[in-house]
Amino acid sequence: MEAYRNLNPEQEKPVADTEGAVLVLAGAGSGKTRVLTSRIAHLVNELDIRPGNILAITFTNKAANEMKERLHSMIPLVGNMWICTIHSMCVRILRSFGDRIGYDSNFSIYSDTERSNMLKKIASELGADEKGLKNIKYHVGNAKMLGLDPPSYAESEDLQCERDAKLITEAYTLYQKRLKESNAMDFDDLLTETLRLLSTDEDAEEYFSDKFRYIHVDEFQDTNEVQFKIIRLLAKKHGNLFCVGDDDQSIYGWRGAKIENILDFEKFYPDAHVYKLEQNYRSTKNILQLANAVIRNNMGRKSKTLWTENEQGERVDLHACNEEAEEALYAAKKISNYVRNGGSYSECAVLMRVNALTRSYEQEFMSDNIPYKVFGGFRFYERKEIKDILAYLRLVSNPFDSEAATRIINVPKRGIGETTVKKLEDYAQREELSIFDALINLDEIGLTAATRNKLQKFTDLIKELIIQSQSMPVDEFVREVIDKTDMRSQYADKTEESVSKLANIDEFINASEEYVKLNPDATLSDYLNQVTLSSDTDDINEDDCVTLATIHAVKGLEFPFVIICGLEDGIFPLSRAQNDDDLMEEERRLMYVAITRARKLLCLSYSKSRFLYGERNRTKESMFLKELAPALGVSSDRSSRYGYESDGYGNFRTGSPYRNGSTQNASSENRSAYGNLFPPASSANERTYGYAAQKQPAPVQNTPSARPASPSARPASPSARPAQQTENRYAVGMFVHHPKFGDGQITAIEGAPGNLLLVVNFREVGSKKLSARLAPLEIIQ
DNA sequence: AGAAGATAGCTTTTT
DNA sequence: GCTATCTTCT
């Protein structure tokens, strides 16, 4: 039994238990990934299940790629399995069946930034002040988390007790309307619209619930209500649902993750078999003892105690500092010692509760030539220069995308000002057109000839790009967009900022080239999906760098050497959690996750004062340290427990060596002390120069044409076809119906393939030009 | 229109 | 301390 190799008896049981609902409560480091992969291998190799009938939902793209990689050596045809995040899965489902609920398959995906932009605009249109905007943002997020559309949310309790209920409902309704008009979905819509599709369209439900005979869900504790609903629908037919999770590691409650999903699993599946994996293979006894000491303070958890046969290990070190520069120095020292004794930088991680804490570490590591990478925080694809290029790509891929259009209509500067854009938007809204469609009908808007000229040039540019995009690989097209739009000209001055932006643009081109190498058949739309759904975490550990990251970002990862910093009251746990039991428990779980990332060495640190909000404040130590105290024992850095620490760096003390000196002194002193001992940094500058570009984008899972034949014969959907075919539906002389303009007849077709314009003579409103790709035209005869 | 200068507001965590 | 937005000036 190949698949059972290297499994302990506890792990073997769930692997062999293939039918029905199974829940595996897997403690940190208990080998859950191995259980998952072994089980899939077992299904394919022993039970002859076709890979195409297997679905595995992971939490991150990285986890999905890793699982694929592992399975690759175990079974054939991994490519036929769906191993992806739930968001990617939804995109795939919607790309092939989205037309059933009114989306063109090239729909755009809006990130939180786009959502935020749109809501801001809407709020000001509705005359809401800042409080109102904040309120709107909160409630829209809340509604989507619960999977409620505007009318349902209006009736929900959460809104009933809200004073601004009317405003919020209005804003939410308008937001959804605009998304729809832009042929776009935000992150949450990917889930809710998939749920809607599966619960309203019998063909889709039948197709996917039949296809997925065996469903696996990793990190089940972090699924939210909507996700679990989708999963239940998919599992309805065959009922073979295998969920792995750890309620103690649920750290996404703020994003709607429901720990109840795990606690109530047996309510939905009364016959479910539940297994526990409590043996930890990752960490030393000392580390595990600490983890157990923390988590034991939580109520409302499925009781579980991790144990290990691993060695006792080094004692966990706790270090108090006077200020954050010292804390960083402490980490630098520890890490360089670790490396000097045979370790590598990539085995080290500094973990923190909030991104803001990375700064002092970056400074310190930079001056010590310690290579590092920052994960989390601002992302590569969120940078302005990159978002601008992406907006061009989005507009070309989905000309309905009005958010993209308004973003780049004057980028780079082409003399189209606020007032013009406002007029354009007003016109588009009045006529219920997309911005791009409004641009096509330019003559209808009262504008001066000069303005019209500028707009026309922009429109022509986009039209041309649309045509080019049809016959060009994605990477080449990316170059073309950057050249044609002359994006680089904005950053021609030689300031540091511009240089870095240009470097980021180059990095973006590189990333797209690599993507095309791995996915030669990918469409522009595939590429955009991949980009918006990817995070920087996906390529953690690729170079020999120390990882600087938030705890959230390293979920599921492990490091031989971990430093948890900023253990201060108000930072970890966060101040806003202080008076809320549920939030406090989540903070504690977060601490538990942080501790259990460590395999061999663990250090904890905090500062007695910290520079935050532009001022320095005294801090108190984290309450978690009190909970840990018994397990930690007396501990101070000075006693130097590690053999490899007995070198010339003992001048670092618990007391402040810099009492009368500044932060600057601290790091320059350090620089001289460390001299040239450190190897030249290969990537200390990576952050500025686009460290985060995806080196190995996830392979695109499928293309629209790869949609398998449905078991029940059903008509092909229009959106599954390439754009040209959609355009070819129309011919001169056809009678058509437009939801707003009414009935009319096509009098001419202009333009080039990929961007055909229909000239339609409407009975009531006269002649209009419409984009053949976009127009919601129904052919009457 | 667009740039420079002034001011408010902000910081969890991320698919 | 930083940025994003508003104000003022050219």
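Reminder, nothing fancy here: chain letters follow the sequence lines and each chain counts from 1. Keep in mind it's a predicted model, so treat the numbers as computed, not measured.
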For this session: For A/Gly417 and for A/Asp188, find the nucleotide of DNA chain B with the closest heavy atom, then tell me which residue's nucleotide is more 5'.
Result: A/Gly417

For this session: Select from A/Lys413 and A/Phe59 the residue whose nearest nucleotide in DNA chain B is closer to the 5' end of that strand.
Result: A/Lys413

Classify [X] by what it touches in the nucleic acid, base, sugar-phosphate, or nothing, heavy-atom distance under 4.0 Å.
X	value
A/Asn410	sugar-phosphate
A/Thr532	nothing
A/Thr420	sugar-phosphate
A/Asp112	base
A/Lys120	sugar-phosphate

N-O pairing of [X] and [Y] below 4.0 Å:
X	Y	result
A/Lys62	A/Glu66	yes
A/Glu219	A/Lys32	yes
A/Lys608	A/Glu621	no
A/Arg576	A/Glu587	no
A/Asp186	A/Arg115	yes

Between [N] ([atom2]) and [X] ([atom1]): distance, integer Å:
X	N	atom1	atom2	value
A/Lys423	B/dA1	NZ	P	8 Å
A/Ile551	B/dT14	CD1	C1'	14 Å
A/Phe375	B/dT15	CZ	P	12 Å
A/Met352	B/dT14	CE	P	11 Å
A/Ile416	B/dG2	CD1	C1'	14 Å
A/Lys121	C/dT5	NZ	P	12 Å
A/Arg610	C/dG1	CZ	C1'	15 Å
A/Tyr381	B/dT15	OH	P	13 Å

For this session: Mind telling me whether A/Phe212 and A/Trp82 have parallel, tilted or perpendicular rings, with 30° and 60° as the class edges?
Result: perpendicular

Exercise. Using atom C1' of each nucleotide, how far apart are C/dA4 and B/dT13 to the nearest Å?
Worked result: 22 Å

Seminar exercise, completed: Under a 4.0 Å heavy-atom criterion, the protein footprint on nucleotides 6-13 of chain B, written with B, S and -, is ---S-BBB

For this session: Please determine which of A/Ile86, A/Val217, A/Ile230 meets the side-chain contact (heavy atoms from CB on, under 4.5 Å) test together with A/Thr223.
Result: A/Val217

